[in-house]
Amino acid sequence: MWHRLIFASIRNSLPYVRFKSAKKAIQRAIKLPRYLGSEYRCPICGVGLRAFKPIWRSHTRKVEQFGYVYRHAELETFNREAFSCPKCDASDRDRLMAIFLDGVLPSLTKSGGIRLTDFAPTDPLSRKISRNPSIEYRTADLYRIDVQDRIDLTDISYPDESTDIFICSHMFEHIPMTAKRCGSSTYFEARRIRTGAGADRRRRR
Ligand SMILES: [Zn+2]
């Protein structure tokens, strides 16, 4: 029993999380040459590729074994055949977000720096955003230990209008329905912390 607790505490420690991340980066670097080419470019790390990596094999095996709640054609940003970047590990969802941010950030940062909060950040997108000197970037999550702020999306501890942009992708489906319906709902909380969201704050009251 005690050895399980020790192992669990090691697995949940920041050094272990960082070690695992570094190990995966080395494994990707070793396999990268087989993907290099000029047909595609990753919008996050900029590498030229002949193909992105397909989804991991165990996912495909489990879908075949248990089925999937949605048909593949119904999914958005879940390209199983071209899922992740072999260099930076960005998923197709990360890459789409990066293209969107590349389009809107230049005009938003033209007149000065902006504050961007990323809920449940992914490493590739996080690294890209962190490199932008015009962005005051914060990361937040309810459970993860490798973020700056421990945040419950149904009761966010940030003050009103404390961020200019927030990223909250594929999060709402994880919020219990009771929390979605209560007064301090995730939607209003997220709107409350964003600058220029006064109309929504009035509705909340
Ligand atoms: Zn990449």
Side-chain angles (χ1 to χ4, degrees), residues 11 14-63 68 70 72-110 113-141 143-149 163-174:
R11 276 195 312 175
L14 199 52
Y16 183 76
V17 169
R18 287 181 175 153
F19 166 74
K20 262 181 66 179
S21 177
K23 184 182 162 195
K24 285 181 181 174
I26 292 170
Q27 289 170 333
R28 286 198 302 276
I30 292 169
K31 293 177 182 173
L32 179 61
R34 71 180 74 165
Y35 292 96
L36 292 176
S38 55
E39 284 190 58
Y40 305 99
R41 186 185 68 82
C42 173
I44 290 192
C45 67
V47 68
L49 300 167
R50 65 167 185 76
F52 286 97
K53 278 175 69 178
I55 193 79
W56 48 91
R57 284 193 208 118
S58 62
H59 179 274
T60 306
R61 274 201 308 271
K62 283 180 180 171
V63 168
Y68 201 66
Y70 301 113
H72 187 223
E74 292 176 311
L75 301 174
E76 295 176 10
T77 61
F78 191 71
N79 187 331
R80 288 186 298 191
E81 283 74 36
F83 184 71
S84 62
C85 170
K87 184 177 182 186
C88 72
D89 206 30
S91 69
D92 52 352
R93 188 199 313 169
D94 291 331
R95 302 195 298 270
L96 180 62
M97 183 66 79
I99 291 169
F100 172 74
L101 290 174
D102 282 345
V104 299
L105 285 177
S107 63
L108 292 172
T109 56
K110 200 164 47 182
I114 61 167
R115 296 162 297 179
L116 190 154
T117 307
D118 194 357
F119 295 108
T122 62
D123 288 345
L125 195 58
S126 193
R127 282 193 295 270
K128 177 182 170 69
I129 298 171
S130 304
R131 287 196 296 267
N132 189 325
S134 301
I135 295 178
E136 188 185 315
Y137 181 57
R138 289 204 77 78
T139 55
D141 195 275
Y143 298 113
R144 279 170 47 182
I145 54 173
D146 58 343
V147 296
Q148 291 163 303
D149 303 319
T163 190
D164 300 302
I165 300 177
F166 63 84
I167 297 174
C168 188
S169 176
H170 286 63
M171 288 299 300
F172 279 21
E173 70 268 35
H174 300 292

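All ligand and atom numbering here is 1-based and tracks the order in the structure.
- The structure places CG of L116 at 9.5 Å from CG of L108, a figure rounded to the nearest 0.5 Å.
- Here Y68 pairs with nothing under the ring pair (Phe, Tyr, Trp, His ring centres under 6.0 Å) rule; sequence neighbours left out.
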Please tabulate, one pair per line, all N/O donor-acceptor pairs under 3.5 Å involving side-chain atoms of residues 17-35, not counting sequence neighbours.
from, atom 1, to, atom 2, distance (Å)
R28, NE, K87, O, 3.0

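- The main-chain N or O of V147 is never found under 3.5 Å from a side-chain atom of D141 such that the two would form a donor-acceptor pair.
- Among residues two or more places apart in sequence or in another chain, the ring pair (Phe, Tyr, Trp, His ring centres under 6.0 Å) test is passed with F83 by W56, F78.
- Between R127 and D94, no side-chain nitrogen of the basic residue sits less than 4.0 Å from a carboxylate oxygen of the acidic one, so the salt-bridge criterion is not met.
- Looking only at protein N/O/S atoms, the ones less than 2.8 Å from the Zn ion (ligand 1) make 4 in total.
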